[in-house]
Amino acid sequence: MAVNFYRLWFSHPAVEAITWWNVPDGGAAAGEDGVLSGLLRADGSPKPAYTALQDLLHKEWRTRVTTVTDENGILAFPGFAGTYRVTTD
């Protein structure tokens, strides 16, 4: 469910940020900490949603390209909207 929601939000142009409150279980404000909705268990170990979102962020949504510029020095590649850092050799 978390992956489906994150994919939906990530794909919508009006979404600028996603916040997951209460990252560890039991980390909410007093009276709200009974729901175990964190990405981490109380002992700090990752729950399945944490691992799934980590894979989205660091694998599926990570743009890694090795290419060369065209005759005009232009570099084009398919990537997600955003700012990129280009490293040259």
Side-chain angles (χ1 to χ4, degrees):
M1 184 172 67
V3 168
N4 289 338
F5 276 122
Y6 269 67
R7 281 190 176 132
L8 173 67
W9 297 327
F10 184 73
S11 70
H12 197 285
V15 174
E16 294 183 10
I18 303 168
T19 301
W20 189 299
W21 291 99
N22 310 324
V23 174
D25 284 344
E32 297 178 1
D33 55 354
V35 178
L36 303 180
S37 61
L39 291 171
L40 303 174
R41 293 179 188 88
D43 67 1
S45 62
K47 294 166 78 173
Y50 177 93
T51 304
L53 294 176
Q54 186 177 38
D55 286 346
L56 280 179
L57 295 170
H58 295 287
K59 293 178 183 175
E60 185 175 323
W61 293 343
R62 180 71 46 128
T63 302
R64 288 188 176 95
V65 176
T66 300
T67 188
V68 297
T69 59
D70 67 13
E71 62 276 357
N72 298 312
I74 303 295
L75 174 73
F77 65 93
F80 297 107
T83 302
Y84 289 85
R85 180 179 351 147
V86 177
T87 304
T88 61
D89 290 329

- Message: If I take atom CG from residue Asp25 and atom NZ from residue Lys47, how far apart are they, to the nearest 0.5 angstrom?
- Response: 3.5 Å

- Run the side chain to side chain contact (heavy atoms under 4.5 Å, CB included) check on Trp20 and Tyr50 step by step: do they pass? CA-CA 11 Å; Trp20 189 299; Tyr50 177 93; over 6 Å; no

- Item | Val3 to Ala52 - nearest heavy-atom pair and separation | CG2-CB, 3.4 Å

- CH2/Trp9 to CD1/Ile18 distance, rounded to the nearest 0.5 angstrom? 6.5 Å

- Note on the structure: Looking only at heavy atoms, the pair that brings Leu40 and Pro46 closest together is CD2-CA, 3.7 Å

- So, does Asp70 use its side chain to make a donor-acceptor pair with the main chain of Ile74 at under 3.5 Å? yes

- Give a yes or no on whether Leu39 and Met1 share a hydrophobic cluster (residues Ile, Leu, Val, Met, Phe, Trp, Tyr; joining criterion: side-chain heavy atoms under 4.5 Å apart). yes

- Message: My understanding is that only residues two or more places apart in sequence, or in another chain, count here; which of them pass side chain to side chain contact (heavy atoms under 4.5 Å, CB included) with Leu8?
- Response: none

- Using side chain to side chain contact (heavy atoms under 4.5 Å, CB included) as the criterion, list what pairs up with Arg62, not counting sequence neighbours. His58, Arg64

- Cluster check Leu56, Phe80: I/L/V/M/F/W/Y, side chain < 4.5 angstrom: yes

- Item | Pairwise distance OH(Tyr84) to OG1(Thr63) - rounded to 0.5 angstrom | 3.5 Å

- With under 30° as parallel and over 60° as perpendicular, where do the rings of Trp61 and Phe10 fit, or are they tilted in between? parallel

- Can you name the salt bridge (Lys or Arg N to Asp or Glu O under 4.0 Å) partners of Arg7, sequence neighbours left out? Glu60

